[in-house]
2 protein chains.
Amino acid sequence: MIPNIIPGVRRLPEPSRVDRALRALERASLRRTPQRLAIVRAFVDDPSHPTAQMIFDRLRDEMPTMSFATVYNTLASLEQAGACRTLRLDGPAGDGGVRFDPNVDPHDHAVCDRCGAVADVPAPARKEPLPRVEGFRVHAVERILRGACTRCAPG
Amino acid sequence: MIPNIIPGVRRLPEPSRVDRALRALERASLRRTPQRLAIVRAFVDDPSHPTAQMIFDRLRDEMPTMSFATVYNTLASLEQAGACRTLRLDGPAGDGGVRFDPNVDPHDHAVCDRCGAVADVPAPARKEPLPRVEGFRVHAVERILRGACTRCAPG
DNA sequence: ATGAGTGCAAATGCTTTGCATCCTG
DNA sequence: CAGGATGCAAAGCATTTGCACTCAT
């Protein structure tokens with residue numbers, strides 16, 4: 001079943017996303033097992049940045065033997081394969097879990113400090129140069145936009 | 001495991017920081033107890049973004065009765081009082097804990113993907129306008145600079 | 001038959017909570 | 001003496017691990 005999402009609406013499955021993930025699995029020489037396929041389908045088009053728990057819950061019905069460990073393993077594999085990213089963005093309202101983001105294109109995250117909702121925000125059109133930091137080689141910049149969603153702070 | 005401070009050297013205590021924290025406590029009508037004072041002194045000048053565990057360990061010697069709960073309580077109070085900030089920035093090398101940052105001035109964080117070290121990076125001089133996001137009211141932008149410290153990736 | 005993948009349960013680690021006690025105002 | 005603060009231990013979670021079993025190559 002299709003769970004709660006916050007500001008975004010659940011997009012209809014885009015075959016391209018599922019395909020992209022499956023190709024990533026193949027590239028990493030990982031087998032296309034029923035469990036992995038189910039996990040991929042369960043979250044690859046979900047913009048709500050679900051936790052492993054949420055994904056696990058979604059799959060209980062259609063695949064009652066699904067194991068928690070398999071969810072974690074698969075998500076870790078997908079991340080290694082470049083088919084998803086992991087986030088930790090708990091703020092004041094955060095629930096402390098790792099969240100999985102099937103969107104691997106560069107983008108920021110808007111996080112509601114009150115309800116913990118997360119929304120993707122397209123990266124700025126003009127890409128800025130990586131900042132220089134002494135003693136560091138910067139590979140990427142991750143931006144979290146903290147605030148309140150209109151549902152929590154209307155008006 | 002506790003990653004060490006990377007580029008920064010532990011600064012000598014700046015009375016102003018301790019004072020600022022104590023004033024924040026006062027403003028929040030929180031008592032200046034020996035435990036809180038010790039906790040403040042133990043991390044307020046530490047740029048390594050320690051975890052509660054690290055702070056607790058530091059205090060074991062000078063205050064053997066110190067309780068873990070008190071460390072958490074005090075740090076939560078300090079955060080509420082605006083005297084510190086909490087971070088979760090575990091990446092690939094992250095150890096999963098909440099980290100405490102006594103620096104409440106606007107700044108970014110450089111995180112080493114290999115050893116988990118964290119360094120403060122002064123915010124860019126020219127401040128950019130807050131990005132507009134539909135369905136959100138953005139209060140602040142948090143930037144994490146992912147990369148490798150020169151200790152992990154020399155040259 | 002070899003090894004990847006899975007499922008179950010137990011273990012781990014960080015954080016929070018409950019509650020009795022202590023202390024300060 | 002009332003409420004804030006502390007200390008201790010236990011409870012809660014999310015995540016990881018160990019191990020036996022299954023299945024595909």
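Each chain gets a letter, A, B and so on, in the order the sequences are listed, and its residues count up from 1.
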Exercise for the section: Provide, to the nearest angstrom, the distance between the CE atom belonging to B/M63 and the P atom belonging to D/dA5. Expected result: 16 Å
Exercise for the section: Verify the contact: side-chain N or O of B/R36 to OP1 or OP2 of D/dA5, cut-off strictly under 4.0 Å; return yes or no. Expected result: yes
Problem - A/T70 side chain to A/Q35 side chain, donor-acceptor N/O pair below 3.5 angstrom - result: no
Practice task
Using distance alone, with no hydrogens and no angle criterion, decide if A/D120 and A/H49 have a side-chain donor and acceptor under 3.5 Å apart.
Solution key: yes
Exercise for the section: Just say parallel, tilted or perpendicular for the rings of A/F56 and A/F68, cut-offs at 30° and 60°. Expected result: tilted
Practice task
Give a yes/no on whether any side-chain N or O of A/Q35 is located under 4.0 angstrom from OP1 or OP2 of C/dG7.
Solution key: yes
Handout entry: d(CD, B/Q53; P, C/dT15) in whole Å
Key = 9 Å
Exercise for the section: Could you state the atom-to-atom distance from CG of B/L75 to P of D/dA5 in whole Å? Expected result: 15 Å
Problem - Nearest-angstrom distance from the residue atom CZ of A/F56 to C1' of D/dT16 - result: 15 Å
Practice task
Compare all side-chain heavy atoms of B/L22 with those of B/L37 and state whether any distance is below 4.5 angstrom.
Solution key: yes
Handout entry: Separation of D/dA24 P from A/E26 CD (nearest whole Å)
Key = 18 Å
Fill in the blank from the handout: Sorted by position of nearest nucleotide on DNA chain D, 5' first, the leading residue of B/T65 and A/R31 is B/T65
Problem - Atom-to-atom span, CG of A/L37 to C1' of C/dT6 - whole angstrom - result: 15 Å
Practice task
Name the closest nucleotide to the A/A52 side chain, picking from D/dT15, D/dA5, D/dA14.
Solution key: D/dT15
Completion exercise
Residues B/A81 and B/A28: closest non-hydrogen pair is CB-CB, 4.0 Å
Exercise for the section: Would you kindly give the CZ-to-C1' distance between B/F68 and C/dT17, to the nearest whole Å? Expected result: 14 Å
Handout entry: 5' priority, DNA chain D, between A/Y72 and B/M66 [closest heavy atom]
Key = B/M66
Handout entry: B/A69 side chain, from C-beta outward: closest of D/dT6, C/dC14, D/dC8
Key = D/dC8
Handout entry: Which nucleotide in D/dT16, D/dG7, C/dG7 has an atom nearest any side-chain atom of B/S67
Key = D/dG7
Handout entry: Length of the CG-C1' vector between A/N73 and C/dC8, whole Å
Key = 13 Å
Handout entry: Any A/T33 side-chain nitrogen or oxygen under 4.0 Å from OP1 or OP2 of C/dG5
Key = no
